[in-house]
Amino acid sequence: MSSAAADERIPVRVLGGPTVLVEYGGLRFLTDPTFDGPGDYPSPSGRVLTKTAPPRATPAELGPVDVVLLSHDQHADNLDHSGRALLADVPRTFTTPAAAERLGGTALPLTPWQSVDLPRPDGGTVTVTAAPALHGPEGSEPIVGEVTGFLLTSADLPGVYVSGDNASLDLVGEIAARYAPVDTAVLFAGAPRLPVLDDALLVLDGTGTATAARLLGARRVVAAHCDSWAHFTESREDVVRAFEKAGLADRLQPA
């Protein structure tokens, strides 16, 4: 399948922050829904996260969603009030076991490497697999909580990887060992940091995102989670510069 044909069969649209619409096998997958307007949003830890830009589409403009791929529910920059309301209208939300327990409803838990098969409208099957992720340095889980990424595969379609809020290139290496080359990688970036963790990365920076793309052998990279929030220490421009420096600029999907 040519690059243009693959992109046409698997449209990917970034809606702001970590929210991305992926159309795959006739199903519409939405990552980490965040549709609230700009403003301040307290987190469970007491830290206030400030949203700086509105989403690029409203849930009504977006239309029906078949599946939400939710990396985690603890932080407003990954699931906000409007996003929580949207979950009630979505048949399935795949997320971590801890998040599924908190959310209830149609939220379903997936542990790392666990897979679920979904029927496609054309009679085929899409397999959703949970990919391991770490939202900070090793050992930070008690502070930042449990997170997950996802892989989408189907017999006649190239594979898609959604990183979620992952900061570990070691885990990307493990995913690559099983699934590389990945056709489309939706990579969360933005380089947020947390003082309580000595300002360690909570999600990849631009350089790490380019390294992840190379590890995965990704043909197309969609950068997400690098705009719309004040606590991100890098922007999409930093990602673009990192890909240019790494000689991978041709793999990065335009904004």
Side-chain angles (χ1 to χ4, degrees), residues 15-25 27-37 39-49 51 55 57-121 125-136 140-152 160-166 186 188 202-203 224-225 228-229:
L15 303 174
T19 308
V20 180
L21 181 67
V22 180
E23 299 183 51
Y24 190 81
L27 300 173
R28 306 181 89 227
F29 294 85
L30 186 70
T31 70
D32 292 18
T34 53
F35 293 100
D36 288 350
D40 292 338
Y41 296 89
S43 65
S45 67
R47 186 185 187 202
V48 175
L49 304 180
K51 190 171 187 179
T58 66
E61 292 167 340
L62 195 61
V65 172
D66 297 298
V67 179
V68 165
L69 303 175
L70 179 62
S71 71
H72 62 297
D73 69 322
Q74 304 98 298
H75 306 131
D77 61 321
N78 294 87
L79 182 67
D80 59 14
H81 302 301
S82 299
R84 289 175 186 272
L86 178 141
L87 297 185
D89 297 324
V90 176
R92 297 178 182 87
T93 294
F94 293 117
T95 189
T96 68
E101 184 175 354
R102 285 188 292 263
L103 292 169
T106 61
L108 301 170
L110 287 179
T111 57
W113 307 123
Q114 182 180 0
S115 296
V116 175
D117 289 337
L118 302 178
R120 285 169 42 168
T125 299
V126 170
T127 300
V128 180
T129 302
L134 185 59
H135 196 6
S140 62
E141 296 93 331
I143 296 173
V144 296
E146 185 179 48
V147 298
T148 188
F150 300 94
L151 291 139
L152 302 178
V160 175
Y161 166 60
V162 177
S163 72
D165 273 12
N166 175 56
V186 179
F188 289 17
L202 303 183
V203 185
H225 196 275
S228 304
W229 290 88

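Residue numbers count from 1 along this sequence. The analysis underlying the following values was restricted to heavy atoms, covering all of them including side chains, and did not include hydrogens, waters or symmetry mates.
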### Query
Knowing that exactly one of L27, L151, L110 qualifies, which makes a side-chain contact (heavy atoms from CB on, under 4.5 Å) with V128?
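It is L110; the other options fail the test.
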### Task
Identify which one of L70, D80, L62 satisfies the side-chain contact (heavy atoms from CB on, under 4.5 Å) criterion when paired with P33.
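Among L70, D80, L62, the one meeting side-chain contact (heavy atoms from CB on, under 4.5 Å) with P33 is L70.
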On a heavy-atom basis, which atom in [X] and which in [Y] lie closest, and how many Å separate them?
{"X": "L49", "Y": "A76", "value": "CD1-N, 4.2 Å"}
{"X": "G164", "Y": "S71", "value": "CA-CB, 3.7 Å"}
{"X": "G25", "Y": "P121", "value": "O-CD, 3.4 Å"}
{"X": "A133", "Y": "G149", "value": "CB-N, 3.9 Å"}
{"X": "A57", "Y": "F35", "value": "O-CD2, 3.2 Å"}
{"X": "F150", "Y": "F94", "value": "CZ-O, 3.3 Å"}

Taking side chain as C-beta onward, heavy atoms only, is [X] less than 4.5 Å from [Y]?
{"X": "F29", "Y": "V20", "result": "no"}
{"X": "D66", "Y": "L118", "result": "no"}
{"X": "P97", "Y": "T111", "result": "yes"}
{"X": "N166", "Y": "L134", "result": "yes"}
{"X": "R102", "Y": "Q74", "result": "yes"}
{"X": "L30", "Y": "L15", "result": "yes"}

Polar side-chain atom of [X] near backbone of [Y] as donor-acceptor pair, under 3.5 Å:
{"X": "T93", "Y": "V68", "value": "no"}
{"X": "E146", "Y": "T96", "value": "no"}
{"X": "T31", "Y": "P18", "value": "yes"}
{"X": "H135", "Y": "L202", "value": "yes"}

#### Entry: Within 6.0 Å of CD in E101, more than 12 heavy atoms from elsewhere
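For E101, atom CD is not crowded (no more than 12 foreign heavy atoms under 6.0 Å).
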### Task
Give the ring-plane orientation class for H81 versus Y41, where under 30° counts as parallel, over 60° as perpendicular and anything between as tilted.
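Ring orientation, 0 to 90° scale: tilted.
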### Query
Atom CG in L108, atom OG1 in T95: separation rounded to 0.5 Å?
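Going from CG on L108 over to OG1 on T95, the span is 10.0 Å.
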### Message
Quick one, T125 with D117, criterion side-chain hydrogen bond (donor to acceptor under 3.5 Å, both in side chains). Give me CA distance, side-chain angles, the key distance, then yes/no.
### Response
CA-CA 6 Å; T125 299; D117 289 337; 5.8 Å; no
### Query
In terms of side-chain geometry, is the basic nitrogen of K51 or D36 positioned less than 4.0 Å from the acidic oxygen of its partner?
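Salt bridge absent between K51 and D36.
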### Query
Quick one: which of D77, T34, N78 gives a side-chain hydrogen bond (donor to acceptor under 3.5 Å, both in side chains) with T19?
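So, applying the side-chain hydrogen bond (donor to acceptor under 3.5 Å, both in side chains) to T19 and each of D77, T34, N78, only T34 qualifies.
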### Task
Take V67 and V126 through the test side-chain contact (heavy atoms from CB on, under 4.5 Å) and record every step on the way to the result.
CA-CA 11 Å; V67 179; V126 170; over 6 Å; no
